[in-house]
Protein chains: 2
Amino acid sequence: MKNFETMSYDELLKEFKGILKANALKFTKQREAILSTLYNNPKHFTSECLYLLVKQKHPELNIGIATVYRTLSLLEENGLVSSISLGAQGKKFEIANKPHHDHLICSECGKIVEFENEQIERLQQQIAEENGFILTDHLMQLYGICSECQKKRTKGD
Amino acid sequence: MKNFETMSYDELLKEFKGILKANALKFTKQREAILSTLYNNPKHFTSECLYLLVKQKHPELNIGIATVYRTLSLLEENGLVSSISLGAQGKKFEIANKPHHDHLICSECGKIVEFENEQIERLQQQIAEENGFILTDHLMQLYGICSECQKKRTKGD
DNA sequence: TAAGATATGAATATCACTATCAAAAAGGTA
DNA sequence: TACCTTTTTGATAGTGATATTCATATCTTA
Ligand SMILES: [Mn+2]
Ligand SMILES: [Mn+2]
Ligand SMILES: [Zn+2]
Ligand SMILES: [Zn+2]
């Protein structure tokens, strides 16, 4: 997979157009609107939430939620966005212009902190090897209570 | 949370009854059938799959799938079962009578290998602390291709 | 064992997501 | 540019897993 970490929006767009062309797909206003909204608001988006924001930023497109789902799948398949499954809280998407990282999530307020830890990644690789697996992917999410929510709790009691 | 690792079925049942009583809930044939089926078939069960097995083992109960969902939630809330979310492949449940472990999953055949790694656990704790979080839980799943599926692939090509 | 509670199964609803389809837009060609 | 073919779109209906509703059945305790 290509590394999109340091891409400017123009480069990203060029990359996207290349992927579209390579697959005989078309470059549409909707697809660009979704990509640019993701790029300019680098958060962890619910499909619904991204849909609302694109609608707000580009009201003239009258975008449909089906298109958002379709485009997110397309972008994820091609490595331009990545997603995390948060169980009950649903699935969230983010643009893949950052190095690989995992997530630390506050169970109380939903805050998401990103982190990376090479040592864990190495150990994961080792575990897979020990069990005869070729490691292709992993999911790691840490759940806890963030410092702000800890403070709130103390006050509340 | 209590440690259920070394419990015999009788002990587990006693524990369950205690939880029920403490919450003014009733001990029913359905609830016991579900618990015993989980205990005697220590696998990773889909709700549907568990439902079918309980139905087969206890046809006289004519159990409904709603009861299976309800009971699994109840058991999970009380730490007697734990679940893993496998994205597209759905959610799987297992009885919590083993030490904590994480999962290595074959993307091709769905095989699940359990593992534990103290070193990773320590690093996770450390990461949470560094970010001011109190760690309460974590999720770690490694995805890959198991050795059998690797062999099949080579033959297929 | 009767009273008062919760639990159950069947049916229905919900929720996130996917498929369908007619109309619109893209993009290659001349 | 105008045309033509293909893909894309938004609205809508459909799907599958899980949750809820509700009338009846089953527990628990006195
Ligand atoms: Mn992230
Ligand atoms: Mn397990
Ligand atoms: Zn918080
Ligand atoms: Zn396999």
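Residue numbers begin at 1 in each chain, while the letters A, B, ... track the order of the sequences.
Sequence neighbours left out, the pairs with a member in residues 101-133 of chain A that pass ring pair (Phe, Tyr, Trp, His ring centres under 6.0 Å) are A:H44-A:H103, A:H101-A:H103.
Using a 4.0 Å heavy-atom criterion, one finds that B:I65 contacts no nucleic acid atom at all. Within the 4.0 angstrom heavy-atom criterion, no nucleotide atom of any strand lies near A:L20. Residue A:R31 is in sugar-phosphate contact alone, with no base atom involved, counting any heavy-atom pair closer than 4.0 Å across all strands shown. Among the protein residues, B:L61 comes within range of the sugar-phosphate backbone only, with heavy atoms under 4.0 Å from sugar or phosphate atoms but none that close to a base.
Between the CG atom of B:N23 and the P atom of D:dC27 there is a distance of 19 Å, rounded to whole Å. Counting to the nearest Å, the C1' atom of D:dT18 and the OH atom of B:Y51 are 14 Å from each other. Atom-to-atom, CG of B:L86 to C1' of D:dT18 comes out at 16 Å; the value is rounded to the nearest Å. In this structure, B:E60 places its CD atom 16 Å from C1' of D:dA25, rounding to the nearest Å. Counting to the nearest Å, the P atom of D:dT8 and the CD1 atom of A:I34 are 13 Å from each other.
Contact between the side-chain N/O atoms of A:Q30 and the OP1/OP2 oxygens of D:dG10 is found at a separation under 4.0 Å. Between A:K91 and C:dC15, a side-chain N or O to OP1/OP2 separation shorter than 4.0 Å is absent. Distances shown here put a side-chain N or O of B:N62 below 4.0 Å from the OP1 or OP2 atom of C:dA10.
Minimum atom distance to the side chain of B:L25 is reached by C:dT6, of the listed D:dA11, C:dT6, C:dG9. Which of D:dT21, D:dT28, D:dA19 sits closest to the side chain of B:R70 comes down to D:dT21. Each of C:dA26, D:dA11, C:dG4 was ranked by its minimum atom distance to the side chain of A:T28; first place goes to C:dA26. Closest to the side chain of A:K26, from the set C:dA19, D:dT6, D:dA19, is D:dT6.
For the pair B:K29 and B:Y69, nearest-nucleotide mapping onto DNA chain D gives the more 5' position to B:Y69. Both A:T67 and B:E48 lie close to DNA chain D; mapped to their nearest nucleotides by heavy-atom distance, the more 5′-ward contact belongs to A:T67.
Comment: B:E94 does not engage B:K43 in a salt bridge, judged by the lack of any side-chain N to carboxylate O separation of less than 4.0 angstrom. Look at B:E108 and B:K152 and you find no salt bridge, because none of the NZ, NE, NH1 or NH2 atoms lies under 4.0 Å from a carboxylate O.
More than 12 heavy atoms of other shown residues, nucleotides or ligands fall within 6.0 angstrom of atom CD in A:E130.
Between the side chains of A:Q141 and A:Y143, at least one donor N or O sits under 3.5 Å from an acceptor N or O.
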